[in-house]
Trainee: 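Here it is, the structure, as structure tokens.
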Amino acid sequence: MNGLPDDATLYQQAPCGLLVTDAAGLILRANATLCRWLGYSQAALVGKLRIQDRLPVGARIFHQTHCLPILQVQGSVGQLQMEIRDSSGQRMPVLVNIARRTVDGHIFDEWSLAAMNERRSYERELLAARKTAEHALEARLEAETQLRDLNGELSDADRRKDEFLATLSHELRNPLAPMRSVLEVLKLDKARPAQEAKLLDVFDRQLGHLTHLVDDLMEMSRITQNRMELRRAPVALADIVHSAVEDVAAMMRAARHDFTVTIEAPGAVVDADPTRLAQVLVNLLTNACKYTPDGGAVSLTLRQEGEQAVIAVRDNGIGIPPEALATIFGMFSQLEPALRRAKGGLGIGLALVRGIVALHGGDIEAASEGAGRGSTFTVRLPLAPVQSMPDAPARLDEAVAPTSVLVVDDNVDAAEMLAMFLHMSGCAARTVHTGHAALALLETFRPQVALLDIGLPDLTGYELARRIRTLPGGADILLVAATGWGQENDRQLAFEAGFDHHLTKPIDFERLRALLAEPRRVGGST
């Protein structure tokens with residue numbers, strides 16, 4: 001028309017190179033201009049070569065790392081200064097535009113190449129891009145190295161933390177042991193005035209709190225490593241509530257709180273560890289008491305909802321900001337207002353509560369309308385399949401059958417107080433403070449029971465137990481490990497060494513009475 005070239009001629013003789021490739025870069029179509037520039041015929045170029053094959057190494061990398069990602073995201077790339085090689089290997093600087101299209105599910109890239117003479121400008125751009133890529137790669141490698149080093153340091157710190165908590169727990173249990181022994185000896189005096197007996201009850205509860213606090217240091221680590229063990233049994237939740245309320249009653253009175261307890265489900269029974277559940281409630285009530293201004297209101301409600309027992313602890317204290325609700329159960333998490341009015345604590349109480357509740361198959365949630373508007377903590381626990389309590393075991397007599405006992409402990413106070421308790425319970429007790437002294441005494445004294453500390457200054461309790469088992473009559477002695485080391489692997493080591501039982505300091509004297517009341521395999525002699 002009017003002497004103008006048709007569309008085919010215009011395409012073939014355009015003043016720029018035009019081509020179409022598939023997603024892999026294979027040339028599917030190319031105009032005569034591009035074929036002339038490259039020195040290839042249509043037959044030698046189309047369907048035979050990839051456009052990447054005609055790019056120098058630098059341009060090929062640039063196309064792979066920059067062009068293709070941009071095409072995938074926005075569908076086009078424009079104004080790229082690049083070089084292209086002809087059939088003889090000569091380089092030709094070009095300005096490239098690429099558009100990506102999808103037709104019937106197939107991806108095609110349409111290229112337009114305009115010849116240019118600004119080669120040095122292109123080389124500067126390419127060099128800058130390469131340097132930028134190299135710097136980015138170096139930075140990433142350095143970051144990965146730092147991350148590996150940091151992960152190693154964190155692993156070492158976590159291991160040292162666990163070792164520190166285990167050692168700290170052991171060292172704190174050592175002074176607690178003679179304190180518990182003194183308390184048990186004093187409680188054996190039934191003629192004690194009522195006022196003194198009340199003081200002993202307070203001492204007993206507070207010593208129990210201190211013992212639980214020491215245990216918390218270990219239990220938090222056990223929970224995070226899935227190593228905490230529960231001693232589960234059917235438990236009446238109302239009994240646990242009454243026990244926890246009694247533990248915090250003095251604290252509530254001192255703060256002049258209006259403290260109310262409502263038991264709507266007195267018969268609710270759960271399969272749980274009663275000691276751990278009491279710990280949950282005491283922690284929640286203690287928090288409510290500490291972070292509610294004096295003269296405030298604190299309440300505890302026990303109810304049943306379907307197949308769950310629900311315990312709610314409410315207060316009208318400092319409340320929880322909305323942004324803190326998601327992290328309130330984190331390890332060492334404490335609110336800033338709480339820190340300003342804190343009355344002591346490790347910052348692990350709520351984390352431990354959540355861990356214990358989760359181990360029982362339950363959940364806990366915190367709710368608050370905001371700072372200064374109080375808080376509600378709700379614990380939900382699955383009810384036991386059978387909602388009835390087994391008959392309580394008959395209580396052991398305060399005095400056990402006459403028994404001869406050897407106490408081996410390098411803590412003189414702990415050994416003497418334990419021996420005093422045993423004497424007042426009707427036992428014949430002898431004490432020594434080293435492993436070798438124990439072996440020497442066993443040449444003339446044959447006890448029915450031996451209570452052995454593990455951390456002795458000369459022999460470990462494990463080695464002492466093994467040696468006792470090889471003595472004449474040693475196989476008949478009831479060996480009890482009495483130690484501050486209370487992790488599961490410590491118990492396993494004790495049993496492998498020949499111990500019959502493992503007690504963690506401070507010793508539970510009700511359990512000790514039960515062990516002393518067990519029939520001896522062969523009666524010992526003094």
Side-chain angles (χ1 to χ4, degrees), residues 205 208-209 211-213 215-216 218-248 261-287 299-314 329 348-366 376-396 486-489 491-492 495 501-504 508 510-511 513-515:
R205 284 196 300 273
H209 292 331
T211 302
H212 290 160
L213 186 60
D215 289 340
D216 285 354
M218 287 303 303
E219 289 168 1
M220 195 62 240
S221 176
R222 292 172 187 166
I223 286 177
T224 58
Q225 300 179 40
N226 296 318
R227 292 192 292 110
M228 187 181 194
E229 292 186 351
L230 299 178
R231 298 177 180 176
R232 305 180 74 146
V235 177
L237 272 181
D239 293 342
I240 303 299
V241 169
H242 290 310
S243 174
V245 167
E246 182 180 354
D247 284 345
V248 302
V261 179
T262 305
I263 307 294
E264 299 177 4
V269 176
V270 295
D271 182 33
D273 184 324
T275 301
R276 297 299 125 222
L277 283 192
Q279 191 173 12
V280 167
L281 296 186
V282 168
N283 276 340
L284 292 178
L285 291 172
T286 299
N287 274 358
S299 68
L300 184 152
T301 303
L302 169 61
R303 64 182 185 272
Q304 180 174 334
E305 294 181 359
E307 299 301 316
Q308 290 184 320
V310 181
I311 302 172
V313 176
R314 297 182 177 86
F329 293 103
I348 65 174
L350 290 179
L352 182 59
V353 164
R354 181 180 62 174
I356 293 175
V357 170
L359 287 175
H360 284 86
D363 61 73
I364 181 171
E365 62 181 0
T376 301
F377 289 86
T378 305
V379 176
R380 301 178 185 275
L381 296 167
L383 293 170
V386 178
Q387 289 293 293
S388 62
M389 293 294 296
D391 295 334
R395 180 177 175 83
L396 294 168
Q487 299 190 62
E488 181 57 33
N489 62 313
R491 295 169 54 85
Q492 187 61 39
F495 296 140
H501 299 282
H502 182 282
L503 299 180
T504 303
D508 181 342
E510 286 300 320
R511 188 177 176 200
R513 286 192 181 97
L515 296 182

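All values derive from a computational prediction rather than experimental measurement.
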Trainee: Using side chain to side chain contact (heavy atoms under 4.5 Å, CB included) as the criterion, point out the one residue from V353, L381, L285 that pairs with V280.
Mentor: V353
Trainee: What's the separation between atom CG in L350 and atom CG in N287, rounded to the nearest 0.5 Å?
Mentor: 5.0 Å
Trainee: When rounded to the nearest 0.5 angstrom, what is the spacing between CD1 in I240 and CD1 in I311?
Mentor: 9.0 Å
Trainee: If you compare all heavy atoms of P382 against all heavy atoms of V270, which two are closest, and at what distance to 0.1 Å?
Mentor: O-CG1, 3.5 Å
Trainee: Per the side chain to side chain contact (heavy atoms under 4.5 Å, CB included) rule, which among D363, L359, V379, I364 passes with R354?
Mentor: I364
Trainee: So which atom in A268 and which in L383 form the shortest heavy-atom distance, rounded to 0.1 Å?
Mentor: CB-CD2, 4.0 Å
Trainee: How far apart are the closest heavy atoms of P234 and V269, and which atoms are they?
Mentor: CB-CG1, 4.0 Å
Trainee: To the closest 0.5 Å, what do you measure between CG (L300) and CZ (R314)?
Mentor: 9.5 Å
Trainee: Looking only at heavy atoms, what is the nearest atom pair of P274 and A272, with distance?
Mentor: CD-O, 3.4 Å
Trainee: For H360 versus R232, what's the shortest heavy-atom pair and its separation?
Mentor: O-NH2, 3.8 Å
Trainee: Quick one: does H242's side chain get under 4.5 Å of V261's, heavy atoms only?
Mentor: no
Trainee: Taking the side chain as every heavy atom from C-beta outward, state whether L237 and L277 have any pair of such atoms under 4.5 Å apart.
Mentor: yes
Trainee: Looking at every heavy atom in both R303 and A312, which two are closest together, and how far apart are they?
Mentor: NH1-CB, 4.0 Å
Trainee: For atom CD of E307, is the number of surrounding heavy atoms from other residues, nucleotides or ligands below 6.0 Å larger than 12?
Mentor: no
